[in-house]
There are 2 protein chains.
Amino acid sequence: MVPSIAITNRSLHDQVANRVRDLIIDGSLEPGSRIDEAQLIEDLGVSRTPFREALRTLAAEGLVIVRPSKGSIVRKLTPEDVFSMLEVLGQLERLAGELVCVRASDEEIESLVTLHERMMSYYDDRDRMPYYKLNQEFHSRLTELSKNETLKEMQSNIQARLKHIRYIGSQKPGSWDGAVADHEEMVLALNDRDGERLGEAMASHLLKTWVRVKDSI
Amino acid sequence: MVPSIAITNRSLHDQVANRVRDLIIDGSLEPGSRIDEAQLIEDLGVSRTPFREALRTLAAEGLVIVRPSKGSIVRKLTPEDVFSMLEVLGQLERLAGELVCVRASDEEIESLVTLHERMMSYYDDRDRMPYYKLNQEFHSRLTELSKNETLKEMQSNIQARLKHIRYIGSQKPGSWDGAVADHEEMVLALNDRDGERLGEAMASHLLKTWVRVKDSI
DNA sequence: TACCTCAAGAGTGTATACAAAATACATGTA
DNA sequence: TACATGTATTTTGTATACACTCTTGAGGTA
């Protein structure tokens, strides 16, 4: 009933998977590096069984590569990987944009606009980290409001795979202005419930993201 | 070097995951039913460790649901699940259609057309099962030729999730003619390398698939 | 009868032990 | 020195044992 109890009730497997996911995203585990099982189970204080189950989960999610009898490594994305992910993510969010204009309530659309405005105030302050976090949330929430569970799931998965490099990218100066302009366009389309325009804005935003992140790979 | 050796070299985990996947697709394991760990490890002749790792993989793929301390069940798709999957699959294959027209070689396009013609000959004979298999292969191969690995991966995943109900659906009479007409349109667009038209045909084909399969759920 | 309570059994989660494979390294040879 | 070979060490894969949690159902109570 109390959330914290629900969390501690989750299986060790899930907790381990989440912990390792975080280590990958923040770069504690470097892309391409071997995952030292002995070291990590020591750090996390669990035995090999739940740890290895967690690795299988992460492998299915595409964050880790398990090489039979040769250990696991953190997946290192090639530029081609990243491009293909952004291309697909763009297409998924295009659909999300179209659907959200049809399926979301006025209140839900309003909540997205509010989110956008909070982002903009961080932009005005040039406060990158909270902007980065709200940006992720905006895309997640918009996809959620498309009311398509599968779409949400696929979008989350790709976002998770890209999180590390976008996290890196968000720390150094880039063409931030362009991204903000894209978002302004999205909100205009959203207010008009113009699905086609919003979808187009989402897709082209993610294609431009490629230009912004490709140098940090 | 020899493929069969590579296969036997795969970890038990992978073999188990593949076996169970097949059992789910052909319906030996009924959707919604509990997965009897003891029974299955007996049948497959493995111990619990690799079996449970396989379950985690299948869970991440969305074929199985693991309920902590309460055992695993074969995921049973609701009509909403299926609709959302077809909506996303349609959008993914729309992209595949657009890309294949740009990125595939003449030979590759030709191979798709050949595949289509083989399908048609099974259609003429009203031979459902081989038609069904070639149909899956056509969509898989077309997506593969879009030369986007992520797109291929996501398409395969959704296709796997839907495989069981489409397998069921393929066994009973339906509006087969409509599906064939859709495919004829795809091949016309493909021959013209008209990406937009092909993409549109793919997407609308999968939306119509919803109408065809929704009663078998 | 309807509803608790609390064993007993079954099933699930985790740790550990052992087996098999890969890697690292030392030794010998050309 | 460069390379091959065999052995020690480390790491990975799998089986099993034990602990814990759920489910079931018998017995008791209102």
Side-chain angles (χ1 to χ4, degrees), chain A residues 1-21 23-24 29-30 32-61 63-76, chain B residues 1-21 23-24 28-61 63-76:
Chain A
M1 187 165 282
V2 178
S4 63
I5 287 175
I7 288 166
T8 52
N9 273 354
R10 271 199 308 220
S11 66
L12 254 189
H13 155 84
D14 285 320
Q15 295 176 40
V16 170
N18 289 337
R19 280 287 272 117
V20 176
R21 224 180 262 115
L23 293 176
I24 292 174
L29 293 174
E30 245 174 272
S33 69
R34 230 182 91 268
I35 293 177
D36 188 337
E37 215 176 277
Q39 179 70 54
L40 271 174
I41 66 173
E42 169 74 24
D43 293 354
L44 300 176
V46 294
S47 75
R48 292 178 65 209
T49 310
F51 181 79
R52 302 192 91 241
E53 287 183 10
L55 276 188
R56 294 297 185 188
T57 298
L58 297 172
E61 288 173 3
L63 289 174
V64 150
I65 302 202
V66 182
R67 303 164 307 174
S69 298
K70 292 191 175 178
S72 306
I73 58 173
V74 179
R75 178 166 175 189
K76 183 173 187 171
Chain B
M1 185 163 283
V2 179
S4 64
I5 287 175
I7 287 167
T8 52
N9 273 355
R10 271 197 309 220
S11 66
L12 256 189
H13 155 84
D14 285 321
Q15 295 176 41
V16 171
N18 289 337
R19 281 287 273 119
V20 176
R21 222 179 265 115
L23 294 175
I24 292 173
S28 305
L29 294 173
E30 244 175 272
S33 69
R34 229 182 93 275
I35 292 177
D36 189 337
E37 215 176 277
Q39 179 69 55
L40 273 173
I41 67 173
E42 169 73 24
D43 293 354
L44 300 176
V46 295
S47 75
R48 291 179 66 208
T49 311
F51 181 80
R52 303 192 89 242
E53 288 182 10
L55 276 188
R56 294 297 185 188
T57 298
L58 297 171
E61 288 173 3
L63 290 174
V64 151
I65 305 213
V66 181
R67 303 164 307 174
S69 297
K70 292 189 175 178
S72 306
I73 58 174
V74 179
R75 178 165 176 190
K76 183 173 186 170

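Throughout, a chain's letter reflects where its sequence line sits, starting with A, and its residues are numbered from 1.
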For atom [atom1] of [X] and atom [atom2] of [N], their distance in whole Å:
X: B:Q15; N: D:dT14; atom1: CD; atom2: C1'; answer: 13 Å
X: A:Q39; N: D:dT12; atom1: CD; atom2: C1'; answer: 17 Å
X: B:L55; N: C:dG11; atom1: CG; atom2: P; answer: 15 Å
X: A:R67; N: D:dT11; atom1: CZ; atom2: P; answer: 13 Å
X: A:I35; N: D:dT11; atom1: CD1; atom2: P; answer: 15 Å
X: A:F51; N: D:dT12; atom1: CZ; atom2: P; answer: 9 Å

Residues in side-chain hydrogen bond (donor to acceptor under 3.5 Å, both in side chains) contact with B:Q39, at least two apart in sequence or another chain: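 Once residues adjacent in sequence are excluded, the partners of B:Q39 under the side-chain hydrogen bond (donor to acceptor under 3.5 Å, both in side chains) criterion are B:D43.
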
Residues forming a side-chain hydrogen bond (donor to acceptor under 3.5 Å, both in side chains) with A:R21, sequence neighbours excluded: A:N18, A:E61

Can you tell me how far the [atom1] atom of [X] sits from the [atom2] atom of [Y], to the nearest 0.5 Å?
X: B:R67; Y: B:S72; atom1: CZ; atom2: OG; answer: 7.5 Å
X: B:K76; Y: B:I65; atom1: NZ; atom2: CD1; answer: 12.0 Å
X: A:R56; Y: B:L58; atom1: CZ; atom2: CG; answer: 11.5 Å

Distance below 4.0 Å between A:R34 side-chain N/O and C:dA22 OP1 or OP2: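 No, outside the criterion.
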
Result of checking B:I73, B:T57, B:I24, B:L29 against B:V64 for side-chain contact (heavy atoms from CB on, under 4.5 Å):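 With B:V64 as partner, B:I73, B:T57, B:I24, B:L29 yield a single side-chain contact (heavy atoms from CB on, under 4.5 Å), made by B:I24.
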
Protein-nucleotides 15-23 of chain D N/O pairs closer than 3.5 Å?
from: D:dA15; atom 1: OP2; to: B:S47; atom 2: N; distance (Å): 2.8
from: D:dA15; atom 1: OP2; to: B:S47; atom 2: OG; distance (Å): 2.5
from: D:dA15; atom 1: O5'; to: B:S47; atom 2: OG; distance (Å): 3.2
from: D:dA15; atom 1: N7; to: B:T49; atom 2: OG1; distance (Å): 2.6
from: D:dA15; atom 1: N6; to: B:T49; atom 2: OG1; distance (Å): 3.4
from: D:dT16; atom 1: O4; to: B:T49; atom 2: OG1; distance (Å): 3.4

